[in-house]
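A short write-up of the structure that comes next.
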2 protein chains.
Amino acid sequence: MRTPSHPSTDALRLPEVLHALSDPVRLEIVCALGGGSELACGHLEAPVSKSTLSHHLKVLRDAGVTRTRADGTQRLVSLRLEELEARFPGLLGCVVDGAHRPA
Amino acid sequence: MRTPSHPSTDALRLPEVLHALSDPVRLEIVCALGGGSELACGHLEAPVSKSTLSHHLKVLRDAGVTRTRADGTQRLVSLRLEELEARFPGLLGCVVDGAHRPA
DNA sequence: TCGGAAGTTCGATTCATCTAGAACTAGAAT
DNA sequence: ATTCTAGTTCTAGATGAATCGAACTTCCGA
């Protein structure tokens with residue numbers, strides 16, 4: 001198990017990023033990572049099975065929203081803050097803010 | 001044919017809004033409406049059939065992104081700028097900017 | 001009143017997505 | 001080595017989404 005591949009900043013596509021953020025489970029994950037913290041998959045609270053969580057993390061990674069690196073048996077996940085900010089300025093901040101906002 | 005119903009500002013949900021924006025055809029529509037202009041369905045250029053376009057406009061409307069009002073045989077579509085700004089500040093601007101940005 | 005124009009809705013198809021369980025892989029620890 | 005832990009991948013089912021053509025509804029104009 002090695003660190004999986006990630007798309008380059010130039011390869012980030014807005015529809016794909018928005019789609020990745022449009023699922024409630026994934027949005028929750030992104031919020032949990034919001035502060036820039038690096039978390040292991042297992043420390044993410046999500047109401048889904050292990051395999052489904054892995055799937056969602058792959059969607060986020062493939063869209064370029066998160067980065068995953070191997071650390072022993074764990075995978076540490078974090079947001080690609082700088083790249084996203086460079087490519088789509090302000091977007092992630094708005095989304096995280098909007099998710100925290102009450103209905 | 002009357003003006004269809006629209007969700008209230010409070011009812012707007014972020015995942016639904018992001019999903020509405022995550023389709024290339026719909027993103028193009030939103031960009032075309034970006035300046036605040038009010039356009040008839042038929043004046044929107046989209047590489048899809050009339051019924052598919054109607055479907056996409058319904059998704060945008062149901063998510064609260066656009067407003068549609070009847071005017072004779074036409075439907076005039078526009079963005080719900082103020083409401084979206086109140087509910088998810090900055091979001092629409094970031095998305096439209098990001099869509100216009102080159103890869 | 002009879003068409004035509006502008007959209008919507010319906011039905012069907014095809015394709016993607018979410019979901020979970022089972023089997024698998026890799027590293028750590030005993 | 002064996003076993004445990006942490007995730008991934010495979011397979012499969014159920015659900016949702018995008019697409020189109022055809023039929024329908026409204027309104028406007030000849």
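Below, chain A is the first sequence line, B the second, and so on; all start at residue 1.
- Nearest nucleotide to the side chain of B/H19, out of D/dT8, C/dT8, D/dA18: D/dA18.
- Look at CG on B/L60: it is 12 Å from P on C/dT8, rounded to the nearest Å.
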Are any protein N/O atoms closer than 3.5 Å to N/O atoms in nucleotides 19-21 of chain C? If there are, list each pair with its distance.
unit_1	atom_1	unit_2	atom_2	d
C/dT19	OP2	A/H56	NE2	2.5
C/dA20	OP2	A/S49	N	2.8
C/dA20	OP2	A/S49	OG	3.3
C/dA20	OP2	A/T52	OG1	2.9
C/dA20	N7	A/S51	OG	3.2
C/dA20	N7	A/T52	OG1	3.4
C/dG21	N7	A/S51	OG	3.3
C/dG21	O6	A/S51	OG	3.2

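- Using a 4.5 Å heavy-atom threshold, the side chains of B/R80 and B/P7 count as touching.
- Using a 4.5 Å heavy-atom threshold, the side chains of A/V95 and A/V30 count as separate.
- If you take CG of A/L76 and C1' of C/dA26, they are 15 Å apart, rounded to a whole angstrom.
- Distances were taken from every side-chain heavy atom of A/R75 (C-beta onward) to each of D/dT8, C/dG7, D/dA6; the shortest belongs to D/dT8.
- Using a 4.5 Å heavy-atom threshold, the side chains of A/L27 and A/V96 count as separate.
- Taking only side-chain nitrogens and oxygens, A/R26 comes nearer than 4.0 Å to OP1 or OP2 of C/dC18.
- When rounded to the nearest whole Å, the span between CD of A/Q74 and C1' of C/dG27 equals 11 Å.
- Rounded to an integer number of Å, the gap from B/D71 CG to D/dC27 P is 12 Å.
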Using side-chain contact (heavy atoms from CB on, under 4.5 Å), reason through A/T68 and A/V77 one step at a time and then give a plain yes or no.
CA-CA 5 Å; A/T68 302; A/V77 183; 4.0 Å; yes
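- Atom CD in A/E16 sits roughly 14 Å away from atom C1' in C/dT17 (whole-Å rounding).
- Sequence neighbours left out, the pairs with a member in residues 32-61 of chain B that pass salt bridge (Lys or Arg N to Asp or Glu O under 4.0 Å) are B/E38-B/R69, B/K58-B/D62.
- Between D/dT8 and A/S54, a contact under 4.0 Å exists linking OP1 or OP2 to a side-chain N or O.
- One atom, CG of B/L39, and another, C1' of C/dG7, lie 15 Å apart when rounded to the nearest Å.
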Using a 3.5 Å cut-off and no angle test, enumerate the donor-acceptor pairs between side-chain atoms of residues 14-24 of chain B and protein atoms at least two apart in sequence or in another chain.
unit_1	atom_1	unit_2	atom_2	d
B/S22	OG	B/H19	O	2.8
B/D23	OD1	B/V25	N	2.8
B/D23	OD1	B/R26	N	3.3

